[in-house]
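For reference, the structure discussed in these notes is given below.
Computed from a predicted model, the values in this text were never measured in an experiment. Naming convention: chains lettered A, B, ... in sequence-line order (proteins, then strands); numbering from 1 in each chain.
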Number of protein chains: 2
Amino acid sequence: MATEHSTTIVQPGRGRALLPARDAGVERIAKFFRALGDPTRLRLLEFLLDAEHTVSECVELVGLSQSRVSTHLACLTDCGYVAARREGRFTYYRVTDPRVAELVFLAHALAADNATALEACMRIAPSPESVVTSAASEGRRGRSPGVRGARS
Amino acid sequence: MATEHSTTIVQPGRGRALLPARDAGVERIAKFFRALGDPTRLRLLEFLLDAEHTVSECVELVGLSQSRVSTHLACLTDCGYVAARREGRFTYYRVTDPRVAELVFLAHALAADNATALEACMRIAPSPESVVTSAASEGRRGRSPGVRGARS
DNA sequence: TTGACATATCCGGATATCCGGATATTATCG
DNA sequence: CGATAATATCCGGATATCCGGATATGTCAA
């Protein structure tokens, strides 16, 4: 059905469903939520809710490489969660829109009421080998497991 | 830096930062947001905000395989966004907590005020080959590009 | 101008996450 | 009981996303 090229297009628009129209908005909101789906970014955001901070301070907080933290902050900025203010060699980041705090607060409240279920939710991405993975490696990497990876 | 085994542990807890404590909560909230970071799940959630629907109806809405839709709905249920009600061979899903609508509404409002920047946000995951990828393949797959994948 | 500091961007490498197809499960109907 | 319908779960396969290290960019001080 149709060729659907999209040569240089950056945003494929997923596997084309029955209602292609009005879908564009959903993709945007999803991206918006995805930005907070990473523990590090969420931590940084909460850190920037209280006060203004430099990249270095953020690096010290999360303990990741400067390059990664810088990128995470750039992402939060692009998504409109925080604002960047350059002053000399430093760049100060902070949350300016009060609705951001509302969003985070609301999520905390909702998640709190479903802590147990959420904690157990492992679906959506079972992971390649999972069982007996015994990731006894040196603790390198690690990322975040995933939303409902089901296994047992 | 210690051995850090975590043999059979399912939730590694990412690369251990400077403040291991209180971090557990962040991971949970991040997972909570991640659930809405997928366009399909978000679409299903908005679909279930208005009324109760069966898996089949959801499949028809998004146009993906029944197995995938079923898993997506299970994920939303686990995360506490929707409730499932079994009646005979059918399973009816729906949003019960009014705060979910608030959360979605708030996100729409915030994202709307940053539509342009958000649309351009391609960071965090540059993608392997990107340049001149000219994904002229058969349009198979597609998923969602990503939050700020930077490329030019 | 040169050197040091604070950030930003680029580059492979390692996972997490998503997808469809096959199969298992549960329930209704004849 | 056997067949069919509606869901749920399992399995490889394909990407998106994250990470650290190297490098580029911009700023201030001597």
Inset, instruction - Could you walk me through whether Y93(A) and L44(A) pass side chain to side chain contact (heavy atoms under 4.5 Å, CB included), step by step? - result: CA-CA 10 Å; Y93(A) 287 94; L44(A) 289 172; over 6 Å; no

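- Where S67(A) and E57(B) meet DNA chain D, the nucleotide closest to each residue was compared, and E57(B) sits on the side nearer the 5' end.
- Whole-Å rounding puts the R41(B) CZ to dC19(C) P distance at 8 Å.
- For T40(A), a side-chain nitrogen or oxygen approaches OP1 or OP2 of dC19(D) to under 4.0 Å.
- You'll find the side chain of L110(A) reaches within 4.5 Å of the side chain of F32(B), heavy atoms only.
- The distance from atom CG of L44(A) to atom P of dT7(C) is 13 Å, rounded to the nearest whole Å.
- When rounded to the nearest whole Å, the span between CZ of R68(B) and C1' of dT7(D) equals 14 Å.
- Counting atom types as modelled, S65(A) pairs no side-chain N or O with a base atom of dG21(D) as donor and acceptor under 3.5 Å.
- Of the residues in residues 82-93 of chain B, those lying under 4.0 Å from DNA chain D by heavy-atom distance are R89(B), F90(B), T91(B), Y93(B).
- Rounded to whole Å, the distance from NE2 on H72(A) to C1' on dG20(D) is 12 Å.
- Residues V59(B) and L61(B) share a hydrophobic cluster, clusters being chains of Ile/Leu/Val/Met/Phe/Trp/Tyr side chains in contact below 4.5 Å.
- Looking at the side chain of L64(B), the nearest of the listed nucleotides dC19(D), dC19(C), dT7(C) is dC19(C).
- Between the side chain of Q66(B) and the base of dA8(D) there is at least one donor-acceptor pair of N/O atoms closer than 3.5 Å.
- For the pair K31(A) NZ and dA16(D) P, the interatomic distance rounds to 13 Å; values are reported in whole Å.
- The separation between D38(A) atom CG and dA16(D) atom P is 17 Å, rounded to whole Å.
- A continuous path of ILVMFWY side-chain contacts below 4.5 Å connects L106(A) to V82(B), so both sit in one hydrophobic cluster.
- Of the listed nucleotides (dT7(C), dA8(D), dG20(C)), dT7(C) has the atom at the smallest distance from the side chain of S56(A).
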Legend entry - Verdict with supporting geometry, R34(B) and R34(A), side chain to side chain contact (heavy atoms under 4.5 Å, CB included): CA-CA 5 Å; R34(B) 223 178 311 155; R34(A) 223 177 310 156; 5.6 Å; no

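- Of the listed nucleotides (dC19(C), dA8(D), dT9(C)), dA8(D) has the atom at the smallest distance from the side chain of V55(B).
- Using modelled atom types and a 3.5 Å distance limit, the side chains of E60(B) and H53(B) yield no donor-acceptor pair.
- Checking the phosphate oxygens (OP1, OP2) of dT7(D), no side-chain nitrogen or oxygen of S70(B) falls inside 4.0 Å.
- Nearest heavy-atom pair, C75(B) versus R41(B), reported as atom, atom and distance to 0.1 Å: SG-CD, 3.9 Å.
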